[in-house]
Amino acid sequence: MPELPEVETVRRGLHRLIIGRSVARVSHDTPKSFPNSPQDVHSFVVGASVTDVRRRAKVLMIDLSTLYTLVVHLKMTGQLVLVGQTRFGAGHPNDSLVGSLPDKSTRVTIDFVDGSQLYFNDQRKFGWMKLMPTDEVPHMTFMKKVGPEPLEADFTSWQFAARFTRRAKTSIKAALLDQTVIAGVGNIYADESLWGAHIHPKRLVHTITAAEFQHLYTELRIVMNLAIDKGGSTNQNYVNAEGKRGSYMDFARVFRREGLTCPHCGAEIIKFKAAGRGTHICPVCQVV
DNA sequence: CACTTGACCTGTCCGC
DNA sequence: TGCGGACAGGTCAAGT
């Protein structure tokens, strides 16, 4: 569920909260969630301080002063939550979605010297946190294959359309979800942007016109920028670095709104399966 | 190579 | 109340 806007929201929170903090101790459970050896953790994490928090696509990178990086993918149910002096510093306590930590979903706990803790929680264990030298991160298979960042200032609608030519015979929704085409798009913002561009998700890529690609490019950027502004979408259990919900779902036009009316034409929103995912459209505004 | 499907997990919800 | 099954969705391996 965490897509580009949610991961970016976590990045901004962590960037504000943990840079400069020094690691006192690390504990973790399964190799699946954290595959590195205790020796590596002791050598390159304990005693290190956080120097930067970066994002590429849906992947977070916590850079350490040892020139090692904790690379994190939240997949569907991952959370990175800091508990410490600043946790209740802002916002309303009712915004919080997490109880006391650690809990049964906690996979990794990083204790900082100042007494705060960073928890990596992941109910379904699809996510992971990996330690590797910072200069090796760009050489990960994922990093080499992933497409361009859709919100970068120099990313044009021409480049956007050109990325899809390789996937001419698949559906536009499957292509949007393909991380090697465009980085960071997931199920929520695929549905929202396709609604905004009046494109049916099952349309084949080669039938999409240049004007429609232009429209989709614009809608995708509008929707993702709005979602970042709203702190992301909390559909199930996404929370930011302070354990708080995002509010984009209050602004969603079709996602998870089956049976409600289309904000554009008033028709009833329907749900079906496309590209293997639950898919929401207005059957009047979006036709095959 | 392009494309689709199933596997990875756990919790929740729905019908019986 | 319990119980089985569908569903949630990001990515990769394995299939056609």
Side-chain angles (χ1 to χ4, degrees), chain A residues 1-11 28-35 55-61 71-80 97-99 102-108 120-130 140-147 149-150 162-194 201-208 224 227 232-239 245-246 248-249 252 254-259 270-280:
Chain A
M1 178 175 17
E3 307 179 28
L4 188 156
E6 289 73 32
V7 179
E8 175 61 17
T9 300
V10 172
R11 187 201 69 79
H28 56 90
D29 61 355
T30 64
K32 179 170 165 51
S33 297
F34 193 104
R55 179 191 63 77
R56 176 75 169 97
K58 301 172 189 173
V59 172
L60 280 166
M61 293 158 278
V71 185
V72 187
H73 201 307
L74 302 175
K75 292 290 180 81
M76 265 87 65
T77 57
Q79 305 173 331
L80 276 172
L97 197 61
V98 294
D103 63 21
K104 65 188 297 188
S105 75
T106 299
R107 308 295 165 212
V108 182
F120 172 42
N121 301 326
D122 186 18
Q123 181 182 93
R124 290 170 69 179
K125 303 181 183 177
F126 288 1
W128 43 260
M129 175 181 280
K130 290 173 186 164
M140 297 171 66
T141 304
F142 176 87
M143 292 297 180
K144 287 194 286 191
K145 288 172 62 180
V146 71
E149 291 286 325
R163 296 294 302 173
F164 287 85
T165 55
R166 198 169 44 87
R167 303 297 308 271
K169 294 177 77 172
T170 195
S171 69
I172 185 66
K173 177 157 181 177
L176 262 179
L177 294 173
D178 183 345
Q179 298 300 294
T180 70
V181 175
I182 302 292
V185 185
N187 206 34
I188 298 173
Y189 304 108
D191 280 6
E192 291 288 288
S193 60
L194 286 167
K202 287 192 172 176
R203 292 263 309 279
L204 297 185
V205 167
H206 68 81
T207 72
I208 307 290
M224 284 194 159
S233 298
T234 296
N235 183 19
Q236 288 175 13
N237 62 358
Y238 159 76
V239 294
R245 298 167 169 274
Y248 178 83
M249 289 304 286
V254 289
F255 191 80
R256 289 246 155 168
R257 289 178 56 81
E258 60 271 30
I270 60 171
K271 180 180 180 183
F272 55 93
K273 188 156 279 203
R277 313 289 175 79
T279 298
H280 313 75

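Lettering of chains follows the sequences in order, A, B, ..., and the numbering in each one begins at 1. In what follows, every heavy atom counts, from backbone to side chain, and hydrogens, waters and symmetry copies are set aside.
Residues satisfying the side chain to side chain donor-acceptor pair (under 3.5 Å) test with A:T165, not counting sequence neighbours, are none. Take A:F126 and apply the side chain to side chain contact (heavy atoms under 4.5 Å, CB included) test, not counting sequence neighbours, and it matches A:K75, A:M76, A:R124. The side chain to side chain contact (heavy atoms under 4.5 Å, CB included) test applied to A:P35 returns A:K130, not counting sequence neighbours. Contacts of A:R11 classified as side chain to side chain donor-acceptor pair (under 3.5 Å), with partners at least two apart in sequence or in another chain: A:E8. With sequence neighbours left out, A:E3 forms a salt bridge (charged side-chain N to carboxylate O under 4.0 Å, His left out) with no residue at all. Residues satisfying the side chain to side chain donor-acceptor pair (under 3.5 Å) test with A:R277, not counting sequence neighbours, are none. Remark: A:D122 engages A:T77, A:R107, A:F120 in a side chain to side chain contact (heavy atoms under 4.5 Å, CB included) (not counting sequence neighbours). For the side chain to side chain donor-acceptor pair (under 3.5 Å) test, no residue two or more places apart in sequence or in another chain qualifies with A:Q123. By the side chain to side chain contact (heavy atoms under 4.5 Å, CB included) test, A:T9 is found to be paired with A:Y238, A:N240, residues two or more places apart in sequence or in another chain being considered.
In summary, contact between chain A and DNA chain B, defined as any nucleotide atom under 4.0 Å from a heavy atom of the protein, begins and ends at B:dA2 to B:dG11 in the 5' to 3' direction.
Atom CD in A:E3 sits roughly 9 Å away from atom C1' in C:dG10 (whole-Å rounding). Atoms CG (A:L4) and P (C:dG10) sit 12 Å apart, rounded to a whole Å. One can place CD of A:Q123 at 15 Å from P of C:dG10, the figure rounded to the nearest angstrom.
Taking the six-membered ring where tryptophan is involved, the planes of A:H28 and A:F34 are essentially parallel, since the angle between them stays under 30° and well short of 60°.
One P atom belongs to C:dC3, the other to B:dC9, and the distance between them is 24 Å to the nearest Å.
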Report summary line: Once base and sugar-phosphate atoms are separated, protein heavy atoms under 4.0 Å mark nucleotides 11-16 of chain C, 5' to 3', with B, S and - as BS----

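Counting only Watson-Crick and G-U wobble pairs whose two key distances fall under 3.5 Å, DNA chain C forms stems of three or more stacked pairs at B:2-8 with C:10-16, B:10-16 with C:2-8.
Here the CE-OH distance, from A:M224 to A:Y248, works out to 10.0 Å after rounding to the nearest 0.5 Å.
Within 4.0 Å (heavy atoms only), A:F272 reaches no atom of the nucleic acid at all.
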